Amino acid sequence: MTFGIEAAGYYVPSLYLEIKDLAGKRGIEPAKLEKGLGLHKMGFPDVHEDTATFAAEALLKLIKDYDLNPKDIARIYLGTESALDAAKPTASYTLQMVEQVLEEDFGARCFRNCDVVDMTFACIGAVDALHNSLDFVRVNPDKKAVVIASDYAKYELNSSGEYTQGGGAVALLISSKPDLLEIENNWGVATESVFDFFKPRRHYKKEDLIDAPDAFPDKIEVFTDEPVFDGQYSNQCYQDRIREAYQHYKEITGKNKPYEEWKYLIFHLPYAFHGKRVFTEIYSLENNLSYNTPDEQKAVAKSDDYLNFINDKIERSQRASSEIGNMYTASIFMALLSALQVSFSENEELTGSEIGFLGYGSGSKSKVFAGKVSENWKTVVSKWNLFESLKNRTAIDFETYEKLHRKQLDNSVNTNYKGFGLVSVESENPVLKGARYYHYQGEK
């Protein structure tokens, strides 16, 4: 019996900012971002959107596109680092929203017997959810699970991470009928506790924040979406962990050069060109190339052999990232969708091809694993129309982008939006302030 991904759905915010517009306002040469990092557009959430609505949209698309019965789904595990609450899982908001839309066809609370939970380990949380859910269906081959990766990558205005922002969600149906991708049960893992990227609770002196300090405690604790990070250090941690996890994968599989067997290499992509940049070390080690000095590293990256390798095995997976930006936990799965969509559109036959995954999460951990493309993959991919949907988004100007970032707008920018949206942040119960209620604007 085989196990893996049976189907997939996705959601990308309906708004985007042209990277060249951001570059112009920040005094950055556009070519540095477009040609250097592969960035073209930044997907950005509207006023009504957040991690929960992203996840709900992706889950509902998955269910509708593949005519799923929600009562057949035994668990929904959500990987995210943009949770709405420190206790109540974002997956529970997602479940509630989608239940309301499906009530007419499947009755009230159609997910009442579904196990839901959030899994958090920076950008690798959804890979952890996939790993866990695959173990679940292997033990329970008659059951199905859904893994959702949903995130919003938000950085401080005018920071070094600002141009990598993005967001969205990918939902994967996991079962013993892997019509898209059969995933083997070999996982290379590498973990080390580091502080390359994190979202701490910051403390400030009250006199630095307010005009009437005597009315407040001595210290004020603040938690924000924007992370504390060290870009160069994080890149090194990424490179170290995937090297260690790749080596572990080689040890447990007995394979000599597994990357040579992989049709595509799928990476977590903080920006579109990140995967091809960090893989140079592994490529050098596997091919006994000198990689000790910056000059040697540049020589490897610019060599004809490596450029051909990128074009054959990585380039197709980058294309969606160039149009969306960093999706945190969802970026590795969007890279998979990107590569498969391009192959489908070019009428390429992938059945039986092996695909390698190199996941990473700051903090830090990497998982390396592989899957084989199933014979029904084209039927699954035919539902996506990924790049067509990206063409149908709404462009925003720089001033609107900054107002959205600062949460200075009360009404949605995209007035034609149909889907899930945040209504309020207050509960009908006067004691339970802070609960979120959503509505669905589309046709059921």
Side-chain angles (χ1 to χ4, degrees), residues 12-13 16-44 122-123 151-168 196-197 226-227 229-239 242 264-283 294 297-298 300-303 306-307 309-311 313-339 342 358-362 387 390 393 395-396 398 401 405:
V12 175
Y16 71 88
L17 177 70
E18 292 278 1
I19 286 295
K20 62 183 180 182
D21 293 344
L22 176 66
K25 293 293 185 178
R26 298 299 186 223
I28 303 172
E29 177 61 39
K32 177 182 178 181
L33 304 183
E34 295 176 335
K35 296 181 180 180
L37 303 181
L39 305 176
H40 298 292
K41 296 182 176 69
M42 176 199 298
F44 209 81
C123 295
D151 263 312
Y152 166 31
K154 184 179 182 181
Y155 291 82
E156 298 282 358
L157 293 173
N158 210 15
S159 70
S160 61
E162 182 182 20
Y163 42 75
T164 68
Q165 294 175 121
D196 61 324
F197 175 109
E226 295 87 347
F229 67 98
D230 183 330
Q232 294 289 5
Y233 180 46
S234 190
N235 288 340
Q236 187 60 55
C237 292
Y238 188 133
Q239 197 164 34
I242 64 169
Y264 294 129
L265 277 70
I266 305 298
F267 296 86
H268 160 57
L269 297 177
Y271 56 86
F273 289 173
H274 197 265
K276 71 178 186 180
R277 286 189 169 187
V278 297
F279 195 73
T280 51
E281 181 182 21
I282 294 176
Y283 183 88
Q297 294 165 14
K298 289 180 182 178
V300 171
K302 294 182 178 180
S303 67
Y306 190 68
L307 294 175
F309 163 78
I310 291 169
N311 187 62
K313 295 180 180 285
I314 299 177
E315 189 275 331
R316 291 171 178 83
S317 70
Q318 301 172 163
R319 296 187 192 182
S321 179
S322 292
E323 299 296 311
I324 302 168
N326 191 357
M327 297 173 72
Y328 282 165
T329 56
S331 70
I332 188 170
F333 298 118
M334 182 54 74
L336 171 66
L337 269 59
S338 177
V342 173
L358 298 98
Y360 176 75
S362 291
F387 294 102
L390 292 177
R393 294 175 296 167
I396 57 175
F398 184 80
Y401 153 71
H405 192 288

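The structure displayed is predicted, hence computed values, not measured ones.
- Nearest heavy atom pair, residue Phe387 against residue Val342, reads CE1-CG2, 3.9 Å.
- Seen from the ring of Tyr16, Lys41 counts as a face-on cation partner, given the 6.0 Å and 45° thresholds.
- Checked by atom type and distance alone, the side chain of His40 never pairs as donor or acceptor with a backbone atom of Ile324 at under 3.5 Å.
- Heavy-atom minimum distance, Leu37 versus Arg277: CD2-NH1, 3.6 Å.
- Ser331 OG to Leu336 CG: the interatomic distance, rounded to the nearest 0.5 Å, is 11.5 Å.
- A distance of 5.0 Å separates CG in Leu157 from OH in Tyr401, rounded to the nearest 0.5 Å.
- Gln165 places a side-chain N or O within donor-acceptor distance of the main-chain N or O of Glu162, the cut-off being under 3.5 Å.
- One finds the NZ atom of Lys276 at 12.0 Å from the CZ atom of Phe309 (value rounded to the nearest 0.5 Å).
- Remark: side-chain polar atoms of Ser321 are not paired, donor with acceptor, to backbone N or O of Gln318 under 3.5 angstrom.
- Residues His274 and Asn235 form a side-chain contact, since some pair of their non-hydrogen atoms from C-beta on lies under 4.5 Å apart.
- Smallest separation of non-hydrogen atoms from Ser159 and Tyr155: OG-CB, 3.7 Å.
- Put simply, CD1 on Ile266 and CD1 on Ile332 are 7.5 Å apart, with the number rounded to the nearest 0.5 Å.
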For Lys313 and Phe279, what are the C-alpha separation, side-chain angles and deciding distance, and is it a side-chain contact (heavy atoms from CB on, under 4.5 Å)?
-> CA-CA 12 Å; Lys313 295 180 180 285; Phe279 195 73; over 6 Å; no
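- A distance of 6.5 Å separates NZ of Lys154 from CZ of Phe44, quoted to the nearest 0.5 Å.
- We find the CD-OH distance between Gln239 and Tyr360 to be 11.0 Å, quoted to the nearest 0.5 Å.
- Here the closest non-hydrogen pair linking Gly168 and Ala330 is O-CB, 4.1 Å.
- Contact check for Glu315 versus Tyr264: no side-chain heavy atoms found under the 4.5 Å cut-off.
- Looking only at distances, no side-chain donor or acceptor of Ser322 sits under 3.5 Å from a matching main-chain atom of Ala272.
- The two atoms that bring Phe267 and Ile314 nearest to each other are CE1-CD1, 3.8 Å, heavy atoms only.
- A donor-acceptor contact shorter than 3.5 Å is absent between the side chain of Arg319 and the backbone of Arg316.
- A perpendicular orientation is assigned to the rings of Tyr283 and Tyr306, their planes being inclined by more than 60° (bins at 30° and 60°).
- Considering every non-hydrogen atom in both Ile396 and Leu17, the closest pair reads O-CD1, 3.5 Å.
- Under the 3.5 Å distance criterion, the side-chain polar atoms of Ser317 are left unmatched by any main-chain donor or acceptor of Ala335.
- Remark: side-chain polar atoms of Tyr238 are paired, donor with acceptor, to backbone N or O of His268 under 3.5 angstrom.
- Side-chain N/O atoms of Thr164 and Asn326 include no donor and acceptor closer than 3.5 Å.
- Between Glu323 and Arg393, some side-chain heavy-atom pair lies under the 4.5 Å cut-off.
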